[in-house]
Student: 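Below: one structure in structure tokens.
All values reported here derive from a predicted model rather than from experimental measurement.
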Amino acid sequence: MAGQASRRRTDFAVACILAANQRESLEQTVRQAVRDELRHVKLLPPNRLTEETDRDVQLSDLPGSLINALEEL
């Protein structure tokens, strides 16, 4: 009986260690992926972001059928 309890504790400790290593590895992978993606992001100051957004889409740029569909909503 004592041997069985000792084995359960050992199995539990090994499972905890493996789970911790897996979480650490996953965290490192996610952090690296985020870093890689952030290298390609172009950040703009808040005032420029608003100006560019306004310039990008104007109501007059939308086709008439889309404007009519939006009005019907």
Student: Supply the members, apart from L18, of the Ile/Leu/Val/Met/Phe/Trp/Tyr cluster built from side-chain contacts under 4.5 Å; use none for a lone residue.
Tutor: V14

Student: I need the full list of side-chain hydrogen bond (donor to acceptor under 3.5 Å, both in side chains) pairs touching residues 10-25, with sequence neighbours left out, sorted by first then second residue.
Tutor: none

Student: Could you tabulate the donor-acceptor pairs under 3.5 Å formed by side-chain atoms of residues 31-39, not counting sequence neighbours?
Tutor:
{"from": "R31", "atom 1": "NE", "to": "E27", "atom 2": "OE2", "distance (Å)": "2.9"}
{"from": "R31", "atom 1": "NH2", "to": "E27", "atom 2": "OE2", "distance (Å)": "3.0"}
{"from": "Q32", "atom 1": "NE2", "to": "D36", "atom 2": "OD1", "distance (Å)": "2.9"}
{"from": "D36", "atom 1": "OD1", "to": "R39", "atom 2": "NH1", "distance (Å)": "2.7"}

